[in-house]
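To start, the structure itself, in structure tokens.
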Amino acid sequence: MCEKIMKTKDAVLNMLVNNTDKYISGEGLANELGLSRSSVWKAVEELRTEGYRIDSVTRRGYRLSPENDVLSVEGIRRELLSDHSMEKRKDAGEKVIPEIRLYRELASTNLEAIRLITEAPTAEKEKLFNTVIIAESQSAGRGHGKRRFFSPEGGLYLSVILNPESFNGRVVSLLASMAVADIVEELSGETTSFLWKNNILIGGKKTAGILTEQSMDLETGIVNGLVLGIGIRTDEWLKKGGNMKNRLAAALVRKSLGNWKNLPLDDYEKKLAGTGEKHTFISAEYNDGKPFTARQEAYVKDGRLRIRPEDGHVITLDRGSILC
């Protein structure tokens, strides 16, 4: 019974999402979906309790309000399908719409992605590549150095399982930061900057972070999957309404599975903040992987950063992150 109700609700929502420019009568929905009008009404009411804004007018029917900004798989898919570049990829035989798993809350989207890869049989692991996991909040969001990434409702938290053979893991975080910054600027109209290597800032305040992790078979040393995690706190700038959350999620999915990996790394330096300032760093290349304080000296080609720890010696980090 629960499964049937869920399918009915999703079918009604999908019809409304695909017809936001007009009203659809309850009878029309019922006939199109092979349901009773009572089932349609119950589905609409359940959608409303979940936060969807559905307008209704006597003798005209139902319509998903233009001001609706509730995240949904159907809404994300519609945004992806409306992109002509995605249609070209479809014509080329590529799978353009990945599997999208949406949750109201997870402990961590990265942890869920790693769980999926770890538990999948070896022959099934490749089928998980490009799977997208999205949560509207995280109870145990994580950053570098085992630090917590505050993940309240109103944000967007997304992880994509990537094929590790298709990416240079050393620079994934930098490239992803550039892609996310482009999206934030396009949707918010704000100017962004970076803190090396995975923090996106608006007005000097962190608005997004990147956490890239690997799932590895310790016995064989084989990397089964690369997980790209993106966390965006949107309350400060995503206030325009009109399906913005679905547009944001679709843009992130599109970029993550698109050609962002070909972005020129030289552009990263143009937005890099924090030069000349002291920060807390963490890197396996220095201080036995424990956090340490250093002054940021200069950006070096291909994502490397020259810093001056408190002992006065200048070093260049290839891997690492600024904690604060």
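Heavy-atom basis, side chains included; hydrogens, waters and symmetry copies ignored. Residue numbers count from 1 along this sequence.
Under the 4.5 Å side-chain contact rule for hydrophobic residues, Leu305 and Leu175 share a cluster. With hydrophobic clusters built from ILVMFWY side chains whose heavy atoms lie under 4.5 angstrom apart, Val172 shares a cluster with Leu174.
In this view, Arg48 and Glu45 satisfy the salt bridge (charged side-chain N to carboxylate O under 4.0 Å, His left out) rule, not counting sequence neighbours.
Ion pairing between a basic and an acidic side chain is recognised when a charged N comes within 4.0 Å of a carboxylate O; Lys271 and Glu185 show such pairing.
Across Ser72 and Asn246, no two heavy atoms sit closer than the pair N-OD1, 3.0 Å. Ala273 approaches Leu201 most closely through the heavy-atom pair CB-CD1, 4.5 Å. The minimum heavy-atom distance between Leu272 and Leu195, with the atom names listed, is CD1-C, 4.4 Å. Considering every non-hydrogen atom in both Trp196 and Arg304, the closest pair reads NE1-C, 4.4 Å. Minimum heavy-atom separation, Ala251 to Ile183: O-CD1, 3.5 Å. Listed here is the closest heavy atom pair of Pro98 and Val253: CG-CG1, 3.8 Å.
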**OP:** Could you walk me through whether Glu99 and Arg101 pass salt bridge (Lys or Arg N to Asp or Glu O under 4.0 Å), step by step?
**Re:** CA-CA 7 Å; Glu99 180 180 357; Arg101 305 187 184 194; 2.8 Å; yes
**OP:** For the pair Arg306 and Ile315, evaluate side chain to side chain contact (heavy atoms under 4.5 Å, CB included) and give the outcome as yes or no after the intermediate values.
**Re:** CA-CA 6 Å; Arg306 186 175 297 120; Ile315 62 173; over 6 Å; no
**OP:** Could you walk me through whether Ser177 and Asn198 pass the side chain to side chain donor-acceptor pair (under 3.5 Å) test, one step at a time?
**Re:** CA-CA 6 Å; Ser177 293; Asn198 63 320; over 6 Å; no
Subject >> Criterion side chain to side chain contact (heavy atoms under 4.5 Å, CB included) on Val184 and Ile202, from CA distance to verdict >> reply: CA-CA 9 Å; Val184 171; Ile202 291 179; 3.7 Å; yes
**OP:** Go through Leu33 and Met15 one step at a time and tell me if the side chain to side chain contact (heavy atoms under 4.5 Å, CB included) criterion holds.
**Re:** CA-CA 9 Å; Leu33 300 174; Met15 282 289 292; 3.7 Å; yes
Subject >> Test log, rule side chain to side chain contact (heavy atoms under 4.5 Å, CB included), inputs Glu79 and Ile76 >> reply: CA-CA 5 Å; Glu79 290 291 331; Ile76 297 169; 5.8 Å; no
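Under the 4.5 Å side-chain criterion, counting only non-hydrogen atoms from C-beta, Ile230 is not in contact with Ser159. Between Leu16 and Ile54 there is a side-chain heavy-atom pair separated by less than 4.5 Å. Using a 4.5 Å cut-off on side-chain heavy atoms (C-beta onward), Lys206 and Ile200 make no contact. Proximity of Ile307 to Tyr286: side-chain heavy atoms (C-beta onward) are nowhere separated by under 4.5 Å. Looking only at side-chain heavy atoms (C-beta outward), Val180 and Ile210 come within less than 4.5 Å of each other. Within the 4.5 Å cutoff, the side chain of Val44 has heavy atoms near those of the Val12 side chain. Ile161 places none of its side-chain heavy atoms less than 4.5 Å from the side chain of Val132. Looking at heavy atoms from C-beta onward, Leu106 lies out of side-chain contact with Tyr157 at the 4.5 angstrom threshold.
Note that the CG atom of Leu71 and the CG atom of Leu158 stand 9.5 Å from one another [nearest 0.5 Å]. Rounded to the nearest 0.5 angstrom, Lys205 NZ and Ser193 OG are separated by 14.0 Å. One finds the CD atom of Gln296 at 7.5 Å from the CD atom of Glu277 (value rounded to the nearest 0.5 Å). Taking CG of Leu248 as the start and CD1 of Ile232 as the end, the distance is 4.5 Å to the nearest 0.5 Å. Taking CG of Leu156 as the start and NZ of Lys245 as the end, the distance is 8.5 Å to the nearest 0.5 Å. Once rounded to the nearest 0.5 Å, the distance linking CD1 of Ile134 with CD of Glu112 reads 13.0 Å.
Shown are Glu213, Gln138, Arg142, Arg115; of these, the side chain to side chain donor-acceptor pair (under 3.5 Å) with Asn110 is made only by Glu213. Shown are Leu257, Val160, Ile117, Asn163; of these, the side chain to side chain contact (heavy atoms under 4.5 Å, CB included) with Phe129 is made only by Asn163.
Remark: the backbone N or O of Gly276 is paired with a side-chain donor or acceptor of Arg295 at under 3.5 angstrom. Within the 3.5 Å criterion, the main-chain N or O of Asp55 finds no donor-acceptor partner in the side chain of Ser65. Judged purely by atom type and a 3.5 angstrom limit, Lys197 uses its side chain to pair as donor or acceptor with the backbone of Asp318. A donor-acceptor pair is defined here as one N or O able to donate and one able to accept, closer than 3.5 Å; such a pair exists between the side chain of Thr118 and the backbone of Ile114. Here the side chain of Lys125 pairs a donor or acceptor atom with the backbone of Ala120 at under 3.5 angstrom. A distance-only check finds no donor-acceptor pair linking the side chain of Asn287 to the backbone of Gly289 [under 3.5 Å].
Residue pairs meeting the salt bridge (Lys or Arg N to Asp or Glu O under 4.0 Å) criterion with at least one member in residues 278-293, sequence neighbours excluded, do not occur.
Other residues, nucleotides and ligands place more than 12 heavy atoms under 6.0 Å from the CD atom of Glu105. Within a 6.0 Å radius of NZ in Lys42, no more than 12 heavy atoms belonging to other residues, nucleotides or ligands are found. Within a 6.0 Å sphere centred on CZ of Arg77, heavy atoms belonging to other residues, nucleotides or ligands number 12 at most.
A side-chain donor from one of Thr212 and Ser173 sits under 3.5 Å from a side-chain acceptor of the other.
The aromatic rings of Phe194 and Tyr268 lie parallel to each other, with less than 30° between the two planes, well short of the 60° mark.
You'll find the ring centres of Tyr23 and Tyr62 outside the 6.0 Å limit.
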